[in-house]
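Since the structure comes first, as structure tokens, the remarks are kept for the end.
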Amino acid sequence: MNTLDPSPFAARRARLAESMRAAGGGIAVIPTAPERARNRDTHYPYRHDSYAYYVSGFTEPEAVTVICCDDTVRSMLFCRPKHEEREIWDGFRHGPDAARVAFAFDEAHSIEEFDALLPKLLAGAPNVFYSVGFDEAFDARVTRALNAVRNMARSGLSAPTAIRDVRAMLDPMRLVKDAGEIAIMRRAAAISTAAHKRAMHAARPGRNEYEIEAEILHEFRAGGSEYPAYTSIVAGGANACVLHYVSNNAPLKDGDLLLIDAGCELQSYASDITRTFPVNGRFSGAQRDLYQLVLAAQDAAVAATRPGTAYNLPHEAAVKVLAQGMLDLGLLTGTLDAALELGDKREGGYFRFYMHRTGHWLGLDVHDAGEYKRGEQWLPLAAGNVVTVEPGIYVRPAADVPEHFWNIGIRIEDDALVTENGCELITAACPKTIADIEAWMRA
Ligand code: GLY
Ligand code: MN
Ligand code: MN
């Protein structure tokens, strides 16, 4: 049974209705995600759609939020009806009556009535606010309903003449987190921090990457997280140079680093932490040099993460530090200007060793909703944004690269809440300096 406070969700529906009114009014249709079969009668673990959750708080499958905005505003939830037998097999369903009250909707109906009711709701609405292209089966239902209204034109009914992207209207709202969202994200960050600390204790030569992944998952679930926010990367040695390594099945070797990118999802909100540490508890000289460089790049990016600065500035700050460091350490030769160049073939500059960006929005999705750039303008950061700061360096063996750096992959990733005058790393409790990591691993 729902124990959420429905008021923030109702407030978001009201804000969306204001934007709908400003755009001429009409009806918004926001379905949740479909269930997906894994094989035969077994499904992938169900995860609701983040936009649908954002405006409803409702996590059951087969649900649609509808907002009708003409002279008045009405919000409706369509959801699965109560069903004694299905509830014996699959568990509790709210059903429309309880859901209407628990989630503070004006009306609620069985999802079985949706296809019949949608044309009636669309008739006379100037706009339909719906995001096409994310769920073909649902697109077809909306299209059928639109055609049903168009076919009633002779009875004097008019169909909406514009389909507007409702997700694009919700994106700017999702970018600025409210106090309740921030509180959840702090708790998610704390659980993920505990998981990384546990992994540092568990790692030692001879253990397997999957054993360390198991420690991480244990801590997530024991902390109350529903699922990992994304597939954990547990990459020892050269595996760390594979950016999306998820096999997690190799033995850990003495003298190697272990890169772990893992974050839990808590109450639908993601956390996203990367730490890189020595399997045997002690950084070697070459590992130290590269680690300090990535840490300095992160410090520069964090210092640039504050309200009003362009989204891209932290990335540029990190790249500047990394490029200079690559020259100083002999990974690159030539001028700083050349090192800062991507180059036509993305060769010759820093990109060879640092081929991803320094961060992304974080929220309900790990790579959260929201624009980064509009036209030529990067968005300015604003208080309430949550963004990751995650520079790295990945050195593959090559004849022109000093051998002591070969196969070292390092990333350091924290989650930054943009505040009124800077930012706060909500993952700061996770050991990060060389001294802190070595001390924690000894403890
Ligand atoms: N774990 C996904 C990312 O860091 O972007
Ligand atoms: Mn990330
Ligand atoms: Mn990550």
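Counting convention: from 1, in listed order, for ligands and their atoms alike. Hydrogens, waters and symmetry mates are skipped; everything else that's a heavy atom, side chains included, is used.
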Sidechain N-carboxylate O distance under 4.0 Å for Asp414, Arg275: yes
Steps toward ring-ring contact (aromatic ring centres under 6.0 Å, His included) verdict (Tyr372, His360): CA-CA 9 Å; Tyr372 292 90; His360 51 82; 8.2 Å; no
Got an N, O or S from His367 under 2.8 Å of the Mn ion (ligand 2)? no
Take every heavy atom of Arg411, measure it against each atom of ligand 1, and state whether any distance is under 4.0 Å. no
Heteroatom test (N, O or S) for Glu413 near the Mn ion (ligand 2), limit 2.8 Å: yes
Relative to ligand 1, is Asp272 under 4.0 angstrom through side chain, backbone, both or neither, heavy atoms considered? side chain
Counting the benzene-type ring for Trp, do Phe103 and Phe58 have ring centres under 6.0 Å apart? yes
In Asp272, the N, O or S atom nearest to the Mn ion (ligand 3) is which? OD1
Considering only heavy atoms of His360, which atoms of ligand 1 have at least one such atom less than 4.0 Å away? 3 (C), 4 (O), 5 (O)
When you measure from the Mn ion (ligand 2) to each N, O or S atom of Glu390, which atom gives the shortest distance? OE2
Under 4.0 Å from one or more heavy atoms of Glu413, ligand 1 contributes atoms 4 (O)
Ignoring hydrogens and geometry, is there a side-chain-to-backbone donor-acceptor pair from Thr143 to Asp139 under 3.5 Å? yes
Classify the ring geometry of His201 against Trp440: parallel below 30°, tilted from 30° to 60°, perpendicular beyond 60°. parallel
Output yes when a side-chain donor or acceptor of Thr231 lies under 3.5 Å from a complementary backbone atom of Val246, and no otherwise. no
For His367, the ligand 1 atoms whose distance to one of its heavy atoms is below 4.0 Å: 2 (C), 3 (C), 5 (O)
Taking the six-membered ring for Trp and the single ring otherwise, decide whether the centroids of His356 and Phe351 are under 6.0 Å apart. no
